[in-house]
Asks: 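Quick one: this structure, given as structure tokens, is what I'll be asking you about.
What you are looking at is a predicted structure, and each value in this text was computed from that prediction instead of being measured. As the structure lists them, so they are numbered: ligands from 1, and atoms in each ligand from 1. When a residue number appears, it is its place in the shown sequence, counting from 1.
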Amino acid sequence: MKYGFFDDSAKEYVITRPDTPLPWINYLGSDGFFSLISNTCGGYSFYKDAKLRRITRFRYNDVPVDNGGRCFYICDGDTVWSPAFLPAKTPLDDYRCRHGLGYSVFEGKKDGLGSELTVMVPQHTDMELSKLVLKNETGSEKKITLYSAVEWCLWNAVDDSTNFQRNWNIGEVEVVDSTVYHKTEYRERRDHYAFYYVNKPIAGFDTDRDTFLGKFHGWDDPQAVAARTSYGSLASGWAPIAALRLEITLAPGQEETLLFGLGYVENQQDKKFSAPGIINKEKALTMQQAFSGPDQFDAALDELKSYWEDLLSRFTVRSSEEKLDRMVNIWNQYQCMVTFNMSRSASYYESGTGRGMGFRDSCQDLLGFVHLIPERARERIIDIASIQFADGSTYHQYQPLTKRGNADVGSGFNDDPLWLIACTCAYVRETGDFSILDEPTPFNNEAGTEVPLLEHLRRSINYTIANLGPHGLPLIGRADWNDCLNLNCFSNTPGESFQTCANFESGKAESVFIAGMFVKYGKEYAQLCDRIDLKEEAEQILEAVDTMEASVMAHGWDGAWFKRAYDAFSRPIGSKENKEGKIYVEPQGFCVMAGIGGDEIGKQALRSTDDLLGNEYGIEVLYPCYSEYHDYLGEISSYPPGYKENGSVFCHNNPWITLAYCTVRDGNGAFDLYTRHAPSYIEDKSEIHRTEPYCYSQTIAGRSAQNFGEAKNAWLTGTAAWSFVAASQGILGISPDYDGLMIDPCLPDKMDGYQLSRLFRGTRYDITVGRGDQKGMMVDGHPIAGKTAPLTEAGICKVEVII
Ligand code: GLC
Ligand code: GLC
């Protein structure tokens, strides 16, 4: 069943009831100020870093699951209700949540009073802005008391939820006119504060949470609201909040519009105070003036919409498959932006306190983002490469605020370095900007160690070459893409991290998956070398690639599929010899994409993959699932069968299989798999799937799980980028290349063609693909040999392709 519908013309998903199976969220902000917002207006905001600079509080694992956020209470007679249903929980006569691109709208109605709440982060501001329109649709006057409240986080989200002996003493605020300023720790080393304001005079306020809520009340039913009053409390320690109260009279048919803003300000050290102890509010006041009326809000919303219109126009398709178009044109690209911004840090499943930016994750996220804003991709590539070590290995993660490698998680994930080649090559093919290869880039962020970025790529490729095991296959280290295949870990201590515990130095555990990556990205690296006249190096790498291919065929092919790995005792994993975990998805994807063994081997591997790993939602990670814990396998066997890495559909690697089908030119196989878990195609199974039908989730419970088909970990997953690559470059077949735009569709029989518009190196390619006997390509009316529409400065290029 469905809980809403797609409105493609508005680029919105419209949720028609508040009780979605899980909170269905959206993201606001695209640069520094970010917010998460659920379909009942829950969530939180932060500046750049969800751990270190958390602006409002959110309690993960709370009951009910989605408390807090932006709390609005409309008191109309005896009834108290919230325009987005929560926190008041009063049943509404009408409810709708429209999640759009960078904004969310909540439409509510109760007893003839209509409300429309629109929330966004305007472009180029550090502020979340809400416009609330109230309309009296009855024939008699209404006197309304309106409250709006947010709860401040004391900046560091981890400290905020643990260090109470200190934190219950430090909270400080100032209140001036209709604004509450949150200035905890500003007296000492912080140079930033936050504020919450409304653009009309208030009738009262509270800033101390416990005064506002009262004893034994929660956010669903604050004492102050129940009493229709404010206590004027000034927080001193404990939990500072901003709760504003307005008294509004609405004549019949009358409408009232209010703007609420949640802002973040940084001041220079010498401009922190306007008087002793009093914060300098200059910037905050400028921001409030910039958004003091509805017209300014509407203009900012228009600007945001045209920003997205423009971004998405870089790649649009029109085909007979509405659900494909909707993913490609809107939601998949949108999710690529979100994963680019968040990596795996902040969602309703990622607490924003654990993981920062992942090396491999961010590299892969770029594959689906680079066409949108290449300049930001460029900057990101340099940031990522800067946490690499001189030997080519790398930190696994970094914190976005400091951009420093995260020592807690450390390094030793042996696939990491190769992903840097993947994203850099993708960037250069997209932009033609070879100058990035010369960009001075440090090792481990140490000044003085800078070398050209190209040298980082070189060390990446050579890291694999220098770390081979007994079968000539790459050593796996702590893990490869599958974080949970920890073959050197042997952990038997409860609670110990599988990724950071002391490793048993087997020197033997090898990864067939990394071998596949090496062949694929080794070829890409050689091609890049060739382009910049490093012919000898290109040849050298291609030789290493050939050797690796031979090792895979000799020791990594199991007869009907690719093996997964060799363990610390050189026993095969993912082989018919195993009792459980006989076959794994990852090497089938990467070895086939890399072309190892040729098409017939590839087709055989894909047949085995679908036969043994396929279910109605896609391809499971492995089969049969591990029924017991094995210390020589690590975390993967810690999950109950069918969940996460132990045999769920881990969506991230499904597009690899889609692309593998395209590699062997099986358009039906590719499309069939694409549609099994593309959110728009499974929208009507929302009660089973449970996560948002407009974005990919990381994992869908497999056949062995009790809750088969249930998804978890929505939004922040490499599935976004890879699905966009699979759809745009695989199925639709549009791949940026050094000399032009390659057009090589791999369509299912049910699709006869499509029309597509792709902005590439400053020229818009208007592409029509159809079927016919006269196969080939016409560019601006002229036949062209091959499959690449050449580069042009014409601005517009018309391409017709018959397949
Ligand atoms: C998570 C991680 C990613 C990893 C995957 C498989 O999605 O973010 O880095 O590759 O799990 O373990
Ligand atoms: C991967 C897994 C996740 C695990 C993490 C670190 O991201 O998906 O389950 O927590 O690795 O172990």
Asks: Near ligand 1, which protein residues have a heavy atom under 4.0 Å away?
Replies: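 Close residues (ligand 1, cut-off 4.0 Å): Arg344, Arg355, Arg360, Asp361, Trp481, Asn482, Asp483, Glu645, Phe650, Gln698.
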Asks: With no hydrogens and no angle check, just 3.5 Å: does a side-chain donor-acceptor pair link Glu505 and Asn488?
Replies: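 There is no such pair between these side chains.
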Asks: Here's one to test your reading of the geometry: is the NZ or CZ of Arg376 within 45 degrees of the ring axis of Phe340 and under 6.0 Å from its centre?
Replies: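 Because its charged atom misses either the 6.0 Å distance or the 45° angle limit, Arg376 does not stack over Phe340.
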Asks: How does Phe498 reach ligand 2, if at all, at less than 4.0 Å between non-hydrogen atoms: by side chain, backbone, both, or neither?
Replies: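 It is neither part, as no heavy atom is under 4.0 Å.
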Asks: Only one of Tyr27, Phe33, Phe34 passes ring pair (Phe, Tyr, Trp, His ring centres under 6.0 Å) with Phe46; say which it is.
Replies: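 Among the candidates, only Phe34 passes.
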Asks: Please say whether more than 12 non-hydrogen atoms of neighbouring residues, nucleotides or ligands are located less than 6.0 Å from NZ in Lys48.
Replies: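 Not more than 12 within 6.0 Å, no.
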Asks: Is it the case that over 12 heavy atoms from other parts of the model lie below 6.0 angstrom from the CD atom of Glu577?
Replies: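 Counting other residues, nucleotides and ligands, CD of Glu577 stays at 12 neighbours or fewer.
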Asks: Do side-chain atoms of Ser511 reach the backbone of Leu475 as a donor and acceptor pair under 3.5 angstrom?
Replies: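 Here the side-chain-to-backbone pair does not exist.
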